[in-house]
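What follows is one structure encoded as structure tokens, with my remarks underneath.
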Amino acid sequence: MTALSAELSAIAGAAFAAEGLSQSFGQVQRSDRPDLAQFQCNGALAAAKAAKTNPRAVAEKVAARLKVNPLFAKVEIAGPGFINLDLTDDALTARGVALAHDGNLGAPETGKGKAMVIDFGGPNVAKPMHVGHLRSSVIGDSLQRLFRANGWTVTSDIHLGDWGLQMGQLISEIEHRGIAPVYFDPDFTGEYPAQSPVSMEDLEEIYPAASAACKADPARLEEARKATAELQAGRRGYRALWQQFFNVSKVGLDREFSSLGIHFDMWKGEASVDAITVPMVEDLKARQIAVESEGALVIPVERNSDKKEMPPLILVKSDGAVLYGTTDLATIVDRVKEQNPDLILYVVDQRQHLHFEQVFRAAEKAGIAGKATLEHAGFGTMNGTDGKPFKTRVGGVMKLFDLIAMVTAEAKKRLTEQGIGEDYSAEERADIARKVGIATLKFADLSNYRLTDYIFDLERFSKFEGKTGPYLQYAAVRIQSILRRAAEQGFAPGDPATHSPEERTLFLQLLALPDAMTAAEKGRAPNILCDYAFTLAQNYSRFYSEHHILSESDAALRAARLGLSALTLAVLTKVLSLLGIEVPERM
RNA sequence: GGACCCGUAGCUCAGUUGGAUAGAGCAGCUGCCUUCUAAGCAGCAGGUCGCAGGUUCGAAUCCUGCCGGGUUCGCCA
């Protein structure tokens with residue numbers, strides 16, 4: 001179905017066109033002044049500026065044409081030339097009913113016929129996920145849900161960090177410790193053991209130790225570099241050991257992402273493109289796109305128009321190892337071959353912006369991106385209450401697993417305090433606490449614009465009051481409860497209708513869903529969806545406190561309000577699902 | 001030092017194709033639970049939008065300079 005804003009814009013656009021002005025001036029949007037009108041059109045101001053005429057006169061002419069349309073209850077000109085519009089309740093009701101009967105709830109089809117690959121999460125093999133991975137995962141997941149809902153064919157890829165220096169550091173640390181000598185015996189030709197020589201817990205201890213050793217001792221760093229290069233060159237024992245790291249890590253990552261309700265279509269990573277890296281590098285060398293510089297093989301990407309220094313992308317280090325820029329390029333080749341997307345979106349920390357600019361320029365120069373637009377959707381840092389990157393009380397990196405446990409415990413505490421759910425099963429209580437805890441985390445993260453750093457204050461978010469995930473779940477749960485009770489009493493929801501100011505406001509917000517989805521896609525900005533959902537829940541709460549539904553004696557009015565409640569629930573649940581937030585049956 | 005980002009209410013944040021009286025949550029103060037879940041609702045109070053200029057009928061938004069904070073600048077990811 002056509003979005004209401006689009007319908008109104010077309011009507012106003014036609015009015016401008018009839019006056020010999022560009023149709024584009026007809027853009028209609030929700031009013032900034034709800035006390036004055038439901039919608040506004042500011043096009044007369046821009047049109048008058050372009051034509052160097054009086055804006056008020058332009059507005060008068062356009063308004064005269066709009067006034068004859070029975071859709072409008074009010075057409076007014078205000079201030080320098082704003083056109084203020086109100087719809088009749090009948091027009092509003094008709095569109096609300098259409099929305100209620102639309103299976104997609106008016107979702108825009110901006111991505112119809114288009115394919116994209118979205119790259120997010122990016123956890124490292126052999127390292128537990130920490131809060132730093134939260135933003136990429138949560139924002140990326142919301143974007144993949146949004147783009148899919150808007151009609152795109154989406155392929156998500158976790159893009160594991162599994163091929164760089166950190167692998168060499170692990171390998172050389174394990175060699176030092178003498179944990180699994182068979183993997184280091186160059187003469188060994190038999191089968192390596194099926195059982196991993198290290199557990200995930202071992203790796204969590206070994207990795208920081210290896211990293212520290214390399215930092216403290218240049219000789220150790222050199223060993224790690226050598227091991228990295230040998231791994232990439234295909235040394236058999238190292239490859240086998242790498243496979244064990246991967247297997248062990250996958251179990252933990254699966255657990256983490258499933259607890260967050262995040263799904264990836266592909267579990268590829270840097271190592272996945274190993275086989276196509278060498279041919280790609282050879283090809284780039286042959287075509288003189290890659291050249292030698294200071295012992296390394298690089299792709300120069302600077303341009304004359306650059307105002308800043310643009311270092312070349314390094315493909316192969318002087319020691320023969322490849323870097324993540326190389327694997328990123330090879331991954332583009334792989335994605336173009338497999339998915340041939342229109343868009344590849346990278347949801348990665350903003351601090352890597354320069355890196356992506358280098359990679360994108362290199363890809364363009366090499367002509368390997370097919371029809372795909374390459375775009376980096378960066379995000380800011382999650383900080384603690386001191387404004388510095390989030391740490392535990394003792395100053396360590398907080399594991400994502402522990403963070404989820406903390407918010408879940410807070411939710412459970414609140415349930416107990418409220419005395420709600422005393423008669424629920426232990427399983428349901430745990431399920432509610434989990435859903436509320438995850439909602440707290442995700443909403444806190446998503447409601448900030450992605451590029452700005454934000455402060456994560458567990459204490460504040462755990463209050464579950466005001467603009468929080470649980471507030472939205474609570475609003476949905478209350479509607480579910482009403483609908484359940486209505487069903488018990490034999491009251492069936494009817495078509496929604498507009499009578500009161502509270503209903504009118506709610507209708508307007510419900511009908512604005514496509515605008516929120518379009519704007520969120522355009523800005524790759526889930527915070528727009530958060531704002532929309534919060535306002536919707538607020539609008540409903542007001543309606544809820546103003547009209548007691550089940551005790552309404554007028555059966556038709558009661559049915560209409562049940563219908564409006566059901567529609568609100570459907571829209572709210574849908575937006576929450578776009579944010580990756582689940583609604584419990586009750587809470 | 002160069003480039004990029006940020007500076008909005010006591011706190012945390014929305015708000016840029018330039019538009020009407022700059023919004024929300026928290027904290028503070030007032031009310032509202034013998035009717036559908038008070039994790040709620042209604043209201044009050046709180047800001048020279050970092051500073052100074054400029055463009056414009058109109059600037060939190062665009063331009064210039066300055067102050068303050070952050071990120072980044074070839075062999076880590």
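The sequence lines fix the lettering, A, B, ..., with proteins before strands; numbering per chain opens at 1.
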Winner on side-chain proximity to A:Ala78, out of B:A14, B:G19, B:A20, is B:A20

B:G43 -> Watson-Crick or G-U wobble partner, both distances under 3.5 Å, gives B:C29

Between the base of B:A20 and the side chain of A:Asn42, is there any donor-acceptor pair under 3.5 Å?
-> no

Closest to side chain of A:Gln352, choosing from B:A77, B:U12, B:G19 | B:A77

Could you please name the partner base of B:C4, counting Watson-Crick and G-U wobble pairs only when both distances are under 3.5 Å?
-> B:G70

Decide if atom CD of A:Gln29 counts as having more than 12 heavy atoms of other residues, nucleotides or ligands within a radius under 6.0 Å.
-> yes

What pairs with A:Phe491 under ring pair (Phe, Tyr, Trp, His ring centres under 6.0 Å), at least two apart in sequence or on another chain?
-> none

Less than 6.0 Å separating the ring centroids of A:Tyr207 and A:Phe245?
-> no

Across all strands, who's sitting opposite B:A52 as a Watson-Crick or G-U wobble pair, both distances under 3.5 Å?
-> B:U64

Nucleotide paired to B:U16 in any strand shown, Watson-Crick or G-U, under 3.5 Å | none

Side-chain-base donor-acceptor pair under 3.5 Å for A:Ser447 and B:G25 = no

Quiz item: A:Gln40 side-chain donor-acceptor pair to B:A20 base, under 3.5 Å | yes

Would you mind telling me which of B:G15, B:U72, B:C75 lies closest to the side-chain atoms of A:Asn527?
-> B:G15

In this structure, are over 12 heavy atoms from other groups packed under 6.0 Å from A:Gln352 atom CD?
-> yes

Protein heavy-atom contacts under 4.0 Å, written 5' to 3' over nucleotides 34-45 of chain B as B (base), S (sugar-phosphate only) or - (none), form the string -BBBSBSSSS--

Hey, does the side chain of A:Gln480 reach the backbone of A:Pro584 with a donor-acceptor pair shorter than 3.5 angstrom?
-> yes

Hey, would you say the A:Tyr471 and A:Tyr474 ring centroids sit under 6.0 Å apart?
-> no

Exam field: side chain A:Trp163 to backbone A:Val273, donor-acceptor pair closer than 3.5 Å = no

Among B:A14, B:C75, B:U71, which nucleotide sits nearest the side chain of A:Thr452?
-> B:A14

Within the modelled atom types, does a donor on one side and an acceptor on the other bring the side chain of A:Lys49 and the base of B:G19 under 3.5 Å apart?
-> no

Minimum-distance nucleotide to A:Asn124 side chain [options: B:C13, B:A77, B:U71] = B:A77

